[in-house]
Amino acid sequence: MPEFFLELFSEEIPARMQARAAEDLARLVGEALAPLAPSAVATFCGPRRIALAAQVAAAVAESRSAERGPRRNAPEQALAGFLRKHGATCAQLREEGAFWVLDKVSPGVEAASLIAAALPPLLWRFPWPKSMRWGGTSAFTWVRPLRRILCLLDGAVVPFDLREGADDGHGLASANQTEGHRFLAPGAFPVTSAGAWRAMLRERRVIVDAAERKRLIADGLAGLAATRGLAVVDDPGLLDEVAGLVEWPVPLIGRIDDAYMDLPAEVMQVSMRVNQRYFALRDALGRAAPFFAFVANITAADGGATIIAGNERVLRARFADARHFWDLDRTRTLASRVPALDAVTFHAKLGSQGERVRRLVRLAAVIAPFVKADMAKAKRAALLAKADLTTGMVAEFPELQGVMGSYYALHDGEDACVAEAIRDHYAPKGPADAVPGNPVGTTAALADKLDLLAGFFAIGEKPTGSGDPYALRRAALGIIRIIRERGLRLPLRVLVAEAGAGQPARPDVEDILGFLAERLRVQLRTEGARHDVLAAVLGAGLDDDFTRLLARTDAVAEMLAGEDGANLLAAYRRAANILRIEERKDGPHDGPVQPALLEAAEEIALAAALDRVAPVVRAEIGHEAFTAAMAALASLRAPLDAFFDKVTVNDERPELRRNRLALLARVRAAMNMAADFSKIEG
Amino acid sequence: MPNTASTPPSFQELILRLHAFWSRQGCVILQPYDVEMGAGTFHPATTLRALGATPWAAAYVQPSRRPTDGRYGENPNRLQHYYQYQVIMKPSPAEAQALLLESYRELGLDPLLHDFRFVEDDWESPTLGAWGLGWEVWCDGMEVGQFTYFQQVGGISVALPSFEMTYGLERLAMYVQNVENVYDLDFNGRGVRYGDIFLRAEREYSAYNFEHADTAALSRHFADAERECAALLDRKLALPAYDQCIKASHLFNLLEARGVISVTERASYIARVRTLAKGCCEAWIAGEDAARA
């Protein structure tokens, strides 16, 4: 099979877009060349090129097909439309029964012709997340200027260009040329195959495979670190990004001036990772080491000495800036910054951060007893939580909010719990982030999120399918995680109402509770748990104590997983079905069961079982013994099965039928105490 | 250290070398624009000339005022007044990246000894209604320039995309001269330092920007500039109108440094300047079209 090879050589492609571009290229080429059945598809991506190699069929064989057209007596427009669609004339049609038929011949096509026709439209509509125009007037866009197209079929150029009508397509046309490393091997050279392309680029200081670059970087950095008895702090995201920033990775290590080693670890981390794409290093004891690792794109003539010195200088300047804020911010206490929050806008309709803080303090006081937090500390943490928004460091590095407040609180001599809570009140910031570590932090974090939900619901800014600009889903999930992971018993209805009371407008409390319950259901589904069971339990009434709600859900799920439960569910559905049908005729049938009208032994037994079980279920649910309640319910299985086996519900005597329907209605009511079983799936 | 072979270029020598280099590339060498502005992009030679179908190439130094960046002369890296070296070429030449790297070589930065990189940077100026795609140019981990392919200016898609290059001259000079404090830069190669010329100005302007600027007067000036701009646009006088737009933008920056603009007001100020910029850009293009007709 011939080898198809395509390389798109451009100015530097943003690192975060490269892998996706290679996937898109594979997908689009797969679709466009489908008639050639491409196989063994390999893609490559890097800062200046994305490429694809595949085996393809040499040609598409001629094929014939018969297309049935409109009826012979159909209106003329129908026939004209059919002919236009197939590019045929009347003379090519034949009659077959009542229909016109067109015998179509799709001529065979050589792979090169098919490729040459398919690629220009593919490149014209390539789905870059953001693309641009450059140079002259051409409307052809690419992520950054596209400079060369290398396109080969078995070593021969597949000729095509990007002209379209009057548009010159930047004069770009396919060829067999590419370029090596920008500085180490400048200039274009010809290529004859994917293998040669790879090998010749390696000679010209370009590693085309992103996975290989990553391996070289990871191994190289680890080796360099080991020579100093250090280890690189694992950072897969940074590794991915750096592999997209270099064609010829050269790992290097620089020194951090000891004078800066007392800066908070998070501050150093932001300067190094976010601003400079440097890796952090740890010594054998896991302590931050006064070194940083990075990756250059060139083997320099002086062994990298100039490059290392330059990077050390840059980091020194960044740390000097950070030190300036660190020293300046600590000349004032966090507490003294609180009044200034009145001048910091939180949201136009929800007032200043100062007002928000006053709401948080009030709310923290309500929450504290439920999480067994020290009242004074919880209120103090809420008061100081946002004060670091007025510091220079947070103005410079917004991602350090909370973290800096915590450091400054410790510096001011605030209680350690309070300091920790200031840091943690934003937690959990995402699925990978931990929930707050102490009850004071838990209080502050719950207050922060409840206020957020209550506020934005109050001004009608609920998340929509497409948008959640204030991250309310994340806030709701944060509340859920804190409750679950800390096993908290919270009266959410009360707390949401409290949070709403401080807002400029009153939000709908049930609306917010429903939003929280829905996030809980989505979360269970994500975990692969029985979210339908939760929906069923919610169907029996929205319990605002999520810990109790989940315990009940677990018990129901556990019962349903057993044999009795599964059979009980089947019997419940049968009962509910019969009731639905019969109630449509002359329902409802929820009157009392008349013992005198009970005739068959099985219906007498079922009635007796219900008399025994229903109060037990009610009582056990009452004191949260959900497993016991479910066991009691499950004991209905045998009498219910026997009932359906032996007793005809729709007896011809109307009073018996009515009594038996009432009995089934009692079964449904008993089970509905635990959950709305009609919501159970499967 | 950079440029070990010979004495590193002085601050003014850097400018002279850049002038010589870009002049050889066919650029018109212009002088700074005489209205205060936040960045070289505001110079009409970039903002207005980036529009329309007439080819254009220019290079110039532009003093840039960023009132909020003032540090009373106490921070070695931050200034409320600094110099940008600005290059614009329309349409963008195919060899733009190569030209740029060549210019760094002229300044003594050898790309075989240093680590030059093009790192994603989407540029946007909300006040000018302008955006483009390009990179920060990194040398050994330091940003030594911004490279942008203009896509829109004044809310108008450009007829011919320009390439814009902005060098931060002080930072570049600090790197080339291996100096850690901007005030220690060698300005003329004859003993005059940057601080000798600008330290007092940084102190006084920081005090003015942060403490003493009359905010009521600034607000009035802003409203005046806005009104004047609109009136001039009615008379199709694009260039004088644009001066008023630049002034309004700078007045907004001063008001912001004084801390009297709230977050919500901020957005509305930016929108007001953008409206002026859009009007000026439209008037500029209309004038160009009329001249050609």
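In what follows, chains carry the letters A, B, and so on, assigned in the order in which the sequence lines appear, proteins first and then strands, with residues in each chain numbered from 1. Please read all numbers here as calculations on a predicted model, not as lab measurements.
Heavy atoms of A:Ser138 lying under 4.5 Å from chain B are absent altogether. Contacts between A:Arg144 and chain B at a heavy-atom distance below 4.5 Å involve the side chain alone, from C-beta outward. When heavy atoms are compared at a cutoff of 4.5 Å, B:Ala98 does not approach chain A at all. With a threshold of 4.5 angstrom between heavy atoms, A:Val250 does not approach chain B through any atom at all. Within the 4.5 angstrom heavy-atom criterion, no atom of B:Met89 approaches chain A. When heavy atoms are compared at a cutoff of 4.5 Å, B:Pro93 approaches chain A solely by way of its backbone atoms N, CA, C and O.
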Using salt bridge (Lys or Arg N to Asp or Glu O under 4.0 Å), reason through A:Lys130 and B:Glu124 one step at a time and then give a plain yes or no.
CA-CA 14 Å; A:Lys130 212 172 185 185; B:Glu124 189 180 11; over 6 Å; no
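Residues B:Glu74 and A:His324 have side chains not in contact (no heavy-atom distance under 4.5 Å, counting atoms from C-beta outward). Looking at heavy atoms from C-beta onward, A:Met132 lies out of side-chain contact with B:Trp131 at the 4.5 angstrom threshold. Two residues are said to be in side-chain contact when any heavy atoms from C-beta on lie closer than 4.5 Å; A:Arg313 and B:Asp140 fail this criterion. Side chains of A:Arg133 and B:Tyr149 form no contact here, defined as non-hydrogen atoms less than 4.5 Å apart. The side-chain heavy atoms of B:Glu143 and A:Val314, taken from C-beta on, include no pair separated by under 4.5 Å. In this structure, B:Glu120 and A:Glu12 have side chains that are not in contact, with every pair of non-hydrogen atoms separated by 4.5 Å or more. A 4.5 Å side-chain heavy-atom check between B:Phe116 and A:Ile298 finds every atom pair outside the cut-off. For the pair A:Arg182/B:Phe118, a side-chain contact is recorded, criterion being any heavy-atom separation below 4.5 Å from C-beta on.
The residue among A:Met17, A:His170, A:Glu312, A:Glu396 with the most heavy atom pairs within less than 4.5 Å of chain B is A:Glu396. Among A:Val143, A:Leu315, A:Asn311, the residue with the largest count of heavy-atom pairs under 4.5 Å with chain B is A:Asn311. Note: B:Leu133 leads B:Asp121, B:Leu133, B:Asn75 in heavy-atom pairs under 4.5 Å with chain A. The candidate from B:Pro55, B:Gly134, B:Ser162, B:Gly132 with the greatest count of non-hydrogen atom pairs under 4.5 Å with chain A is B:Gly134. With chain B as the partner, the residue from A:Ala296, A:Ala300, A:Pro47 showing the most heavy-atom pairs under 4.5 Å is A:Ala296. With chain A as the partner, the residue from B:Arg78, B:Arg71, B:Met142 showing the most heavy-atom pairs under 4.5 Å is B:Arg78.
Rounding to the nearest 0.5 Å gives a distance of 8.5 Å between CZ of A:Arg147 and CD of B:Glu95. The structure places NE2 of B:His114 at 11.0 Å from CZ of A:Phe183, a figure rounded to the nearest 0.5 Å. With rounding to the nearest 0.5 angstrom, the CH2 atom of B:Trp138 is 12.5 Å from the CG atom of A:Asn297. Residue A:Ile308 holds its CD1 atom at 11.0 Å from CG of B:Asp115, rounded to the nearest 0.5 Å. In this structure, the separation between CZ on A:Arg318 and CG on B:Asn77 is 9.5 Å, given to the nearest 0.5 Å.
Residues B:Pro91 and A:Gly135 come closest through the heavy atom pair CB-O, 3.1 Å. Summarising the geometry of B:Gly141 relative to A:Tyr278, their closest heavy-atom pair is CA-OH, 4.4 Å, with the distance given to 0.1 Å. The heavy-atom pair separating B:Tyr175 from A:Thr306 by the smallest distance is OH-O, 4.5 Å. Here the closest heavy-atom approach between residue A:Val295 and residue B:Arg117 is recorded as O-NH2, 2.7 Å.
A:Phe397 CZ: more than 12 foreign heavy atoms inside a 6.0 Å radius. Annotation: B:Arg105, atom CZ; neighbour count of heavy atoms from other residues, nucleotides and ligands within 6.0 Å is above 12.
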